[in-house]
*Asks:* 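Would you mind keeping the following structure in view while I ask a few things?
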Amino acid sequence: MTKRTWLVRGRWFLLLGAFLFVLAGCGTGGKGTSDTGSPQASTPSGGEAAKGEVKIGLNLELSGNVSSYGTSAANGAELAAEELNKQGGIDGMTIKLVKQDNRSDNAESANVAVRLMTQDQVSAIIGAATSGNTKAMIQLSTENKVPVVSPTATAASVTVDEKTGQVHPYMFRACFIDPFQGKVAAQFALNDLKAKTAAVYIDSSSDYSKGLAASFIDTFKAAGGTIVAEESYVQKDTDFRSTLTRIKDKNPDVLYVPGYYEEVGLIIKQARELGYTGPIVGGDGWDSPTLLELAGKEALNNTFFTNHYSSEDPDPAVQAFVKAYKDKFGKTPDGFAALGYDAMYLLADAIKRAGSSDPEKIAQALAETKDLQLVTGKISIDENHNPVKAAAIIEFKDGKQTFRTKVQPE
């Protein structure tokens, strides 16, 4: 074979290789076509999924001291994703959930977020259940430009920087915030319970508890009420008797305990054992079956808490959700389950309106959400990335949660 023949064949192989390279590029990237000839989505960095799939991360408390919250929220999100996929997904994209356990720990929540954003390349994250674990993702969401939708983190600082007042661009939530919840609780104590004096017992290690307490105190005092005692405990305390004795001696008309169920259950039990018979009011952190186990049904009589929905609400959409949840998990969904469910539908609506699984486009669509009907009510996202929605008051009667009333935002 001559040198010229080798050169000609060499050039032919180079041209063939270049042609195949371009053909391969058209088939797998950009707006090319798949093997079936249908349009195929691009796969740039930052979470854009392959056509036919959108990845959503779940960063939730599946173990640890508030595992009841995270498990319920995960169940709700999984039910919603299953329903959406049965309906054809989101614009033809199947939802793939990547579920991770943050172990009810702030540092682990950040670790999980890093894995979901950088390794799993999710388009968005649902989580966490608590404010502290959600705030651990703020900087990461900004740096990676991946939206985070917490089902149940109610601290105002989740979406807005406390010092600068700047909105965190990729942080959203499906629940109302602490100031609204604390205000509703104070108004209920004043107007429905006719309380003129109140004692407040705060978890000083919790942003959630401190936020609710501050709003309750401000609203109660502004309306002419008197705060006769402000006491505190820290997470994982188990003996509250000495502090409760001091509170009982002040004889408050109402005791406000905005904490999480593990401590609250013991506080209510011990308060009743010490002879305090007055009403006790709290926030959505009470919403767990474990509260009944810890406090006992008799101790829970004459107690109330603000929540995001009631399974007894006769609204057909609520009852359809309750039935679907019971059919799948064999129990009545609590507020955390309802909000996990709503968080998934909130994201699905944003992804559909964005017309993309690109995280930045999803974040923009989330911010523009208006009058979206969900299980916990019709919501619009305000300028601080918080939903404008109603709150429910739940009352315990013989160990059973009963719907007392609903309060619309003013």
*Asks:* Nearest heavy-atom pair of Asp91 and Lys352: which atoms, and what distance?
*Replies:* OD2-O, 3.6 Å

*Asks:* Would you mind checking if Asp161 and Lys163 are paired as a salt bridge, meaning a charged N to carboxylate O distance below 4.0 Å?
*Replies:* no

*Asks:* Do you see a donor-acceptor pair shorter than 3.5 Å between the side chains of Asn384 and Thr159?
*Replies:* no

*Asks:* With no hydrogens and no angle check, is any side-chain donor or acceptor of Ser311 less than 3.5 Å from a backbone partner on Pro333?
*Replies:* no

*Asks:* With no hydrogens and no angle check, is any side-chain donor or acceptor of Trp286 less than 3.5 Å from a backbone partner on Asn307?
*Replies:* no

*Asks:* What do you reckon, is CD of Glu298 surrounded by more than 12 foreign heavy atoms closer than 6.0 Å?
*Replies:* no

*Asks:* With side chains defined as the heavy atoms from C-beta onward, is the minimum distance between Val98 and Ile56 less than 4.5 Å?
*Replies:* no

*Asks:* On a heavy-atom basis, which atom in Val318 and which in Ser310 lie closest, and how many Å separate them?
*Replies:* CG1-O, 3.6 Å

*Asks:* Drop me the distance from Gln181's CD to Leu212's CG, to the nearest 0.5 angstrom.
*Replies:* 4.5 Å

*Asks:* Counting only N and O atoms by type, is there a donor-acceptor contact under 3.5 Å from the side chain of Arg173 to the main-chain atoms of Ala153?
*Replies:* yes

*Asks:* For atom CD of Gln319, decide whether the heavy atoms of other residues, nucleotides or ligands shown that lie under 6.0 angstrom number more than 12.
*Replies:* yes

*Asks:* So which heavy atom on Ser380 is nearest to which on Asp371, and how close?
*Replies:* OG-N, 2.8 Å

*Asks:* When you look at Glu231 and Lys248, which way does the salt bridge (charged side-chain N to carboxylate O under 4.0 Å, His left out) test go after all the steps?
*Replies:* CA-CA 12 Å; Glu231 299 285 353; Lys248 181 175 176 290; over 6 Å; no

*Asks:* Give a yes or no on whether a salt bridge exists between Glu108 and Arg115, defined as a side-chain N under 4.0 angstrom from a carboxylate O.
*Replies:* yes

*Asks:* Can you tell if the side chain of Lys297 reaches within under 4.5 Å of the side chain of Leu292, non-hydrogen atoms only?
*Replies:* yes

*Asks:* Could you grab the distance from atom NZ of Lys406 to atom CG of Asp315, nearest 0.5 Å is fine?
*Replies:* 6.5 Å

*Asks:* Is Pro279 close to Phe304 at the side-chain level, that is, under 4.5 Å between some pair of heavy atoms?
*Replies:* yes

*Asks:* When rounded to the nearest 0.5 angstrom, what distance separates CG in Asn301 from OG1 in Thr277?
*Replies:* 12.0 Å

*Asks:* Could you tell me whether the side chain of Ser288 and the main chain of Tyr261 form a donor-acceptor pair under 3.5 Å?
*Replies:* no

*Asks:* Of Asp349, Leu84, Leu58, which meets side-chain contact (heavy atoms from CB on, under 4.5 Å) against Met344?
*Replies:* Leu84

*Asks:* Do Leu244 and Tyr276 come close enough that some side-chain heavy atom pair is under 4.5 Å?
*Replies:* no

*Asks:* Looking at every heavy atom in both Ala337 and Tyr325, which two are closest together, and how far apart are they?
*Replies:* CB-CE1, 3.6 Å

*Asks:* Regarding Lys269 and Glu293, does a basic nitrogen lie under 4.0 Å from an acidic carboxylate oxygen?
*Replies:* no

*Asks:* Donor-acceptor check, side chain of Asp237 to backbone of Val234, threshold 3.5 angstrom: yes or no?
*Replies:* yes

*Asks:* Under 3.5 Å, side chain of Asp342 to main-chain N/O of Val375, donor-acceptor pair present?
*Replies:* yes

*Asks:* First locate atom CD1 of Ile95, then atom CD1 of Ile351, and finally report the distance between them rounded to the nearest 0.5 Å.
*Replies:* 7.0 Å

*Asks:* Do Leu193 and Asp253 come close enough that some side-chain heavy atom pair is under 4.5 Å?
*Replies:* no

*Asks:* Would you mind reporting whether Asn59 and Lys99 have side-chain heavy atoms less than 4.5 Å apart?
*Replies:* no

*Asks:* So, do Tyr69 and Tyr260 have ring centers that fall under 6.0 Å from each other?
*Replies:* yes

*Asks:* Please step through ring-ring contact (aromatic ring centres under 6.0 Å, His included) for the pair Tyr233 and Tyr201, ending with a clear verdict.
*Replies:* CA-CA 7 Å; Tyr233 64 92; Tyr201 199 10; 5.1 Å; yes

*Asks:* Heavy-atom count around Lys210 NZ within 6.0 Å, excluding the residue itself: above 12?
*Replies:* yes

*Asks:* Donor-acceptor pair, Ser104 side chain versus Ser63 backbone, under 3.5 Å?
*Replies:* yes

*Asks:* Just checking, is any N or O donor in the side chain of Lys389 or Thr376 under 3.5 Å from an acceptor N or O on the other one?
*Replies:* yes

*Asks:* Any chance the side chains of Gln100 and Asp120 put a donor and an acceptor closer than 3.5 Å?
*Replies:* no

*Asks:* Rounded to the nearest 0.5 Å, how far does CD1 of Ile393 lie from CG of Asp192?
*Replies:* 7.5 Å

*Asks:* Show every donor-acceptor pair shorter than 3.5 Å between a side-chain atom in residues 126-135 and any protein atom, with sequence neighbours excluded, or say none if there are none.
*Replies:*
residue: Thr130; atom: OG1; partner: Glu61; partner atom: OE2; Å: 3.4
residue: Thr130; atom: OG1; partner: Asn133; partner atom: N; Å: 3.4
residue: Thr130; atom: OG1; partner: Asn133; partner atom: ND2; Å: 3.1
residue: Ser131; atom: OG; partner: Thr154; partner atom: N; Å: 3.2
residue: Ser131; atom: OG; partner: Ala155; partner atom: N; Å: 3.0
residue: Asn133; atom: OD1; partner: Asn106; partner atom: N; Å: 3.0
residue: Asn133; atom: ND2; partner: Glu61; partner atom: OE2; Å: 2.8
residue: Thr134; atom: OG1; partner: Ala128; partner atom: N; Å: 3.1
residue: Thr134; atom: OG1; partner: Ala128; partner atom: O; Å: 3.1
residue: Thr134; atom: OG1; partner: Thr130; partner atom: O; Å: 2.8
residue: Lys135; atom: NZ; partner: Ser157; partner atom: OG; Å: 3.0
residue: Lys135; atom: NZ; partner: Asp207; partner atom: OD2; Å: 2.9

*Asks:* Test Tyr309 against Asp284 for side chain to side chain donor-acceptor pair (under 3.5 Å), laying out the working first.
*Replies:* CA-CA 10 Å; Tyr309 105 121; Asp284 61 331; over 6 Å; no

*Asks:* For residues Leu274 and Thr245, determine if any side-chain heavy atom of one lies less than 4.5 Å from a side-chain heavy atom of the other.
*Replies:* yes

*Asks:* Determine, step by step, whether Glu395 and Phe305 satisfy the side chain to side chain contact (heavy atoms under 4.5 Å, CB included) criterion, reporting the C-alpha distance in whole Å, the side-chain angles of both residues, the deciding distance to 0.1 Å, and the verdict.
*Replies:* CA-CA 7 Å; Glu395 178 180 2; Phe305 68 97; over 6 Å; no

*Asks:* Kindly determine whether Asn144 and Thr118 satisfy side chain to side chain donor-acceptor pair (under 3.5 Å), including the steps that lead there.
*Replies:* CA-CA 8 Å; Asn144 292 281; Thr118 63; over 6 Å; no

*Asks:* Do Leu374 and Lys378 come close enough that some side-chain heavy atom pair is under 4.5 Å?
*Replies:* no

*Asks:* Compute the ring centroids of Phe321 and Tyr341, then answer whether they are less than 6.0 Å apart.
*Replies:* yes

*Asks:* Determine yes or no for a side-chain-to-main-chain donor-acceptor pair under 3.5 angstrom, with Glu263 supplying the side chain and Lys236 the backbone.
*Replies:* yes

*Asks:* Quick check: does any side chain N or O of Ser209 sit under 3.5 Å from a backbone N or O of Ser205, one acting as donor and the other as acceptor?
*Replies:* no

*Asks:* Closest heavy-atom contact between Ile227 and Phe220?
*Replies:* CD1-CD2, 3.7 Å

*Asks:* Set out, in order, the CA-CA distance, both residues' side-chain angles and the distance that settles side chain to side chain donor-acceptor pair (under 3.5 Å) for Arg353 and Thr369, then state yes or no.
*Replies:* CA-CA 9 Å; Arg353 286 186 290 106; Thr369 301; 3.0 Å; yes

*Asks:* Check whether the side chains of Glu83 and Gln87 place a donor and an acceptor atom closer than 3.5 Å, and report yes or no.
*Replies:* no

*Asks:* Under the criterion salt bridge (charged side-chain N to carboxylate O under 4.0 Å, His left out), I'd like the reasoning laid out for Glu78 against Lys328: C-alpha separation, chi angles, the key distance, then a yes or no.
*Replies:* CA-CA 10 Å; Glu78 288 172 349; Lys328 184 173 178 63; over 6 Å; no

*Asks:* What's the shortest heavy-atom distance between Thr405 and Phe403, and which atoms?
*Replies:* O-CE1, 3.4 Å

*Asks:* With rounding to the nearest 0.5 Å, note down the distance linking CG in Leu366 to CZ in Phe172.
*Replies:* 5.0 Å

